[in-house]
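FYI, the numbering just counts along the sequence from 1.
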Amino acid sequence: MQPEDHAAVAEQLSRAKMQPHDIEKCLTGLSKSQYGAGIAKYIKEGQLSHLPGYKDLLDQCKQVSKSSDMSPAVYMAMEHAMDLQRQGVKGLAFEWKVPKDSLDLDVLVRSGDRIEYGVQLKDVDNAAGLNTATRKIAEKQLMGNIDGQKVAILDVHDTKTALTDKILGRIANRARITNATFVLRFEDGSVTIPANGPTYP
């Protein structure tokens, strides 16, 4: 994020009822992150600010350090929500967590009390990290039931050739037990598991 963006971003964060000391933390975090400029753009545009859970998403911008950086997940959530919004999807929301049901959705679509669509998003350093990332999704984040489609989208900083049959088999099994579609977005293309699994509402 560029210094000239600070004032506009700070104004939007203030409108979202973020406390002044948290705004400073957020600005510092976004300045350090490679995703900061993209997040700042979405914050300045304000097109997501009315969605339920938006403040909870913004709070994650404060967590940018070498040991814990939530900015990739924040950017992915904003990007995906904007994509759905452009398609005319209604009922969008962020951050739905029900730990006792092993459900943790970063972006979701609600219709009344029904959750029609839910997504868990992950940024993964390399293909070797997919085993741990998808196991966490299967055990703690997408095991619970919703009324519609569950999707896991993982941005993998690697090429498709690094995906081994062993890892692919494990992910296919996790897709089955969670009844979810897993989308692995590599630097050179995507792999969807199962291949015909729905990825949009």
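- Cluster membership for W96 and V107, using ILVMFWY side-chain heavy atoms within less than 4.5 angstrom, is not shared.
- Using a 30° and 60° split on the angle between ring planes, H80 and Y117 fall in the parallel class, below 30°.
- Of the inter-residue distances, the one linking D125 atom CG with D158 atom CG reads 10.0 Å to the nearest 0.5 angstrom.
- Between L30 and I39, the closest side-chain pair of non-hydrogen atoms falls below 4.5 Å.
- Remark: K55 NZ is packed, more than 12 non-hydrogen atoms of other residues, nucleotides or ligands lying under 6.0 Å away.
- The closest donor-acceptor contact from the side chain of S31 to the backbone of L27 lies under 3.5 Å.
- A donor-acceptor distance shorter than 3.5 angstrom exists from the side chain of N126 to the backbone of A128, with no hydrogens or angles considered.
- A distance-only check finds no donor-acceptor pair linking the side chain of T178 to the backbone of M143 [under 3.5 Å].
- Nearest heavy-atom pair, T192 versus G197, reported as atom, atom and distance to 0.1 Å: CG2-O, 4.2 Å.
- The number of heavy-atom neighbours closer than 6.0 Å to CG of D147, taken from other residues, nucleotides and ligands shown, is above 12.
- Looking at heavy atoms from C-beta onward, S102 lies out of side-chain contact with E139 at the 4.5 angstrom threshold.
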- side chain to side chain contact (heavy atoms under 4.5 Å, CB included) between Q141 and L103, worked out: CA-CA 4 Å; Q141 296 171 321; L103 203 58; over 6 Å; no
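- Minimum interatomic distance between L57 and A77 (heavy atoms only, all atoms of both residues): CD1-CB, 3.9 Å.
- When side chains are defined from C-beta on, Q149 counts as touching V151, because their heavy atoms get closer than 4.5 Å.
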- Might you work through the side chain to side chain contact (heavy atoms under 4.5 Å, CB included) test for F186 and T159, ending with a clear yes or no? CA-CA 5 Å; F186 290 90; T159 58; 5.7 Å; no
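- One N or O on the side chain of S49 and one on the backbone of G46 form a donor-acceptor pair closer than 3.5 Å.
- Atom CG of L121 and atom CG of D106 lie 4.5 Å apart (nearest 0.5 Å).
- Atom NZ of K90 is surrounded by 12 or fewer heavy atoms from other residues, nucleotides or ligands within 6.0 Å.
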- Message: Could you go through I153 and V119, starting from their C-alpha distance and side-chain angles, then the distance that decides it, and tell me whether this counts as side chain to side chain contact (heavy atoms under 4.5 Å, CB included)?
- Response: CA-CA 7 Å; I153 300 175; V119 185; 4.0 Å; yes
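- With a 4.5 Å cut-off on side-chain heavy atoms, R15 and Q12 count as touching.
- Note: M76 CE to M70 CE = 11.0 Å, rounded to the nearest 0.5 Å.
- Note: the hydrophobic cluster containing V98 also contains I137 (ILVMFWY, side chain heavy atoms under 4.5 Å, direct or indirect links).
- Atom-to-atom distance recorded for L154:CG and F182:CZ is 7.5 Å, nearest 0.5 angstrom.
- Looking only at distances, no side-chain donor or acceptor of D101 sits under 3.5 Å from a matching main-chain atom of N145.
- The shortest heavy-atom contact between L84 and P201 is CD2-CD, 3.6 Å.
- Scanning all heavy atoms of the two residues, the minimum distance from G129 to V124 falls at C-CG1, 3.6 Å.
- Of all the heavy atoms in S190 and R185, the pair that sits closest is OG-CG, 3.7 Å.
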- Query: Hey, mind stepping through K166 and R170 against side chain to side chain contact (heavy atoms under 4.5 Å, CB included) and telling me if it holds?
  - Reply: CA-CA 6 Å; K166 185 177 181 180; R170 286 178 178 172; 3.1 Å; yes
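- Between the side chain of Q120 and the main chain of D104, a donor-acceptor pair closer than 3.5 Å is present.
- Hydrophobic clustering (ILVMFWY, side-chain heavy atoms < 4.5 Å, transitive): V89 and L108 are in distinct clusters.
- Taking the side chain as every heavy atom from C-beta outward, P72 and D155 never approach each other to under 4.5 Å.
- Side chains of E95 and Q60: a donor-acceptor N/O pair is present below 3.5 angstrom, by distance only.
- A pairwise comparison of heavy atoms in P198 and T181 identifies O-OG1, 2.9 Å as the closest pair.
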- Q19/K25 under side chain to side chain donor-acceptor pair (under 3.5 Å): CA gap, chis, key distance, verdict: CA-CA 10 Å; Q19 296 299 313; K25 274 188 191 175; over 6 Å; no
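- Side-chain contact between L142 and L105: present, with at least one pair of heavy atoms (C-beta onward) separated by less than 4.5 Å.
- Residues V191 and V183 fall into different hydrophobic clusters, defined by Ile, Leu, Val, Met, Phe, Trp and Tyr side chains chained together at heavy-atom separations under 4.5 Å.
- Judged by distance alone, the side chains of D123 and Y35 do bring a donor and an acceptor atom under 3.5 Å apart.
- At a cut-off of 3.5 Å, with distance as the only test, a side-chain donor of R174 or T134 sits close to an acceptor on the other residue.
- Under the 3.5 Å distance criterion, the side-chain polar atoms of Q85 are matched with a main-chain donor or acceptor of Q47.
- Taking hydrophobic clusters as Ile, Leu, Val, Met, Phe, Trp and Tyr residues chained together by side-chain heavy-atom distances below 4.5 Å, I146 does not share a cluster with Y200.
- To the nearest 0.5 angstrom, I23 atom CD1 is 12.5 Å from H6 atom NE2.
- Side chains of R110 and R114 form no contact here, defined as non-hydrogen atoms less than 4.5 Å apart.
- Inter-residue side-chain proximity for V109 and I115 is flagged as unmet; no heavy-atom pair is nearer than 4.5 Å.
- Taken from CD in E11 to CG in L13, the straight-line distance is 10.0 Å, to the nearest 0.5 Å.
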